[in-house]
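Presented below is the structure to which this report refers.
This chain uses plain numbering: 1 for the first residue, then up along the sequence. In this text the structure is predicted, and so the values were computed from the model without any measurement. Just so it is clear, the values below take in all heavy atoms, side chains as well, and ignore hydrogens, waters and symmetry mates.
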Amino acid sequence: MSETGKALSTGWRMALTAAGAAAGPAALENLADFLDAPVPGTVAGALERAGRFDRTAPEPLDHLDAWYRLDLTGEAPGYAVLHFDGLATIAEVWWNGALALSSDSMFVRHALPVTLTGNDRLALCFRALKPHLEKRGPRARWRPQMITPQGLRLVRTTLLGRMPGWCPEVHAAGPWRPVRLSRPAPAVPADAHLSATLDPDGTGRLDVRFTLAGATSACVECAGIAAEALPDGEGRFHAVLSIPGVAPWWPRSHGAPALHAVHVVADGKRHTIGRTGFRRIAVDRGAD
């Protein structure tokens with residue numbers, strides 16, 4: 001999958017409730033008034049598609065909660081990340097009935113790790129903005145004259161639809177930017193360094209260092225021997241292998257130039273990071 005992930009743009013259903021009427025998605029099970037809703041999009045846009053909103057004579061939406069629901073079926077089970085590029089404005093993300101994320105700014109992007117089972121439900125709740133606009137905040141050092149109400153200065157949301165005479169009073173709420181699903185690419189070892197030596201008794205010693213972004217554990221294999229690679233806390237791993245009776249590397253004039261593949265195993269996948277030979281060089285200071 002690409003870095004942008006899979007766009008979750010179809011299959012969404014939306015319903016409106018009174019502010020605070022549903023504490024969670026379980027309270028919506030018997031609600032029949034769900035509409036098809038495009039994502040990215042807004043509550044006003046979904047209502048307009050259903051013939052229930054007139055942009056030339058817009059009705060306020062700030063006093064209502066808006067619930068979006070999407071069933072994710074057929075997705076391969078496993079780890080994934082949900083990306084929310086923009087949620088307007090006081091938003092909650094519910095995953096399989098549990099609250100997983102809260103947001104109070106329509107301009108902030110969020111990434112939510114999830115575990116797919118193949119039969120999952122994603123729900124988004126956009127809480128009524130009116131109660132937040134009515135809250136008393138700290139004394140204002142300045143009062144903007146073009147926006148209403150004044151409580152908007154305490155909320156991270158757009159001023160479009162809030163400036164009488166400048167634009168229609170259509171209140172923005174909903175997943176106004178894309179919602180995406182991505183699966184992290186498998187970790188691939190990089191920047192590998194191999195150091196091989198041969199003891200006088202024929203035991204090979206192999207020192208391996210490499211980086212493996214996103215992995216928490218790894219194992220190194222060579223010549224039938226495996227050893228755990230330990231992280232150093234900075235994204236690098238280190239492993240030391242002791243290989244008794246390993247076939248040594250010889251120049252062609254003296255024997256076989258044996259080379260052994262070195263593998264890293266991480267997340268169930270085996271990666272070859274190089275080949276190495278075991279040899280020992282010593283100075284012969286005999287009588288001659």
Side-chain angles (χ1 to χ4, degrees), residues 7-50 52-53 58-73 75 80-117 119-135 151-152 154-158 160-162 170-181:
L8 301 179
S9 56
T10 59
W12 290 90
R13 305 276 287 167
M14 185 203 75
L16 299 176
T17 68
L28 306 174
E29 290 301 323
N30 297 323
L31 187 64
D33 193 22
F34 273 88
L35 307 172
D36 291 334
V39 173
T42 63
V43 174
L47 291 174
E48 186 178 52
R49 285 165 58 102
R52 294 170 51 177
F53 189 87
E59 296 181 3
L61 299 173
D62 284 343
H63 64 294
L64 300 172
D65 288 350
W67 286 88
Y68 282 69
R69 193 167 69 184
L70 176 67
D71 290 324
L72 292 170
T73 57
E75 295 287 345
V81 178
L82 288 168
H83 302 270
F84 304 95
D85 291 346
L87 303 173
T89 293
I90 308 300
E92 299 169 355
V93 178
W94 296 75
W95 178 251
N96 289 333
L99 180 62
L101 176 69
S102 296
S103 174
D104 59 3
S105 172
M106 70 177 290
F107 307 111
V108 176
R109 289 182 168 87
H110 302 278
L112 175 65
V114 296
T115 300
L116 296 170
T117 66
N119 186 24
D120 303 288
R121 173 166 287 182
L122 171 63
L124 308 177
C125 180
F126 300 91
R127 295 295 182 182
L129 199 57
K130 185 177 180 181
H132 296 270
L133 299 179
E134 294 174 345
K135 289 181 180 179
L152 275 170
L154 304 175
V155 182
R156 293 290 295 157
T157 192
T158 181
L160 294 176
R162 312 284 183 175
V170 179
H171 300 155
W176 69 290
R177 281 180 173 170
V179 177
R180 299 171 287 114
L181 175 71

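- Scanning all heavy atoms of the two residues, the minimum distance from P131 to D62 falls at CD-O, 4.4 Å.
- Between H110 atom NE2 and S102 atom OG the span is 9.0 Å, to the nearest 0.5 Å.
- Shown here for W67 and F34, the closest heavy-atom pair between the two residues is O-CE2, 4.4 Å.
- Nearest heavy-atom pair across L28 and R69 is O-NH1, 4.1 Å.
- When atom types are taken as modelled, the side chain of W176 and the backbone of M106 share a donor-acceptor pair closer than 3.5 angstrom.
- Judged purely by atom type and a 3.5 angstrom limit, D65 uses its side chain to pair as donor or acceptor with the backbone of G20.
- Nearest heavy atom pair, residue A172 against residue T158, reads CB-CG2, 3.8 Å.
- For the atom pair CE of M14 and CG of L70, the computed distance is 14.5 Å after rounding to the nearest 0.5 Å.
- Between R109 and D85, the closest heavy-atom pair is CG-O, 3.4 Å.
- Counting only heavy atoms from C-beta outward, the side chains of W12 and P38 never approach each other to under 4.5 Å.
- Ring geometry for Y68 against F126 counts as perpendicular: the plane angle is over 60°, on a 0 to 90° scale with 30° as the lower cut.
- H171 NE2 to T89 OG1: the interatomic distance, rounded to the nearest 0.5 Å, is 11.5 Å.
- Taking CG of L47 as the start and OG1 of T42 as the end, the distance is 8.5 Å to the nearest 0.5 Å.
- In this structure, the side chains of R52 and L35 come closer than 4.5 Å at one or more pairs of heavy atoms.
- Looking at heavy atoms from C-beta onward, L122 lies in side-chain contact with W95 at the 4.5 angstrom threshold.
- Put simply, the side chain of P25 does not reach to within 4.5 Å of the side chain of R121, judged on heavy atoms.
- Within the model, atoms NZ of K130 and CD1 of I90 stand 16.0 Å from one another, a figure rounded to the nearest 0.5 Å.
- In this structure, the side chains of P40 and P178 come closer than 4.5 Å at one or more pairs of heavy atoms.
- E75 places a side-chain heavy atom less than 4.5 Å from the side chain of L181.
- Checking each of L129, V170, V43 against L61 for a side-chain contact (heavy atoms from CB on, under 4.5 Å) leaves exactly one that passes, namely V43.
- Inter-residue side-chain proximity for L82 and L101 is flagged as unmet; no heavy-atom pair is nearer than 4.5 Å.
- A pairwise comparison of heavy atoms in R127 and A23 identifies NH2-O, 3.3 Å as the closest pair.
- R49 has no carboxylate O lying under 4.0 Å from a charged side-chain N of D36, or vice versa, which leaves the two without a salt bridge.
- Here the side chains of L124 and F84 are in contact, with some heavy-atom distance below 4.5 Å.
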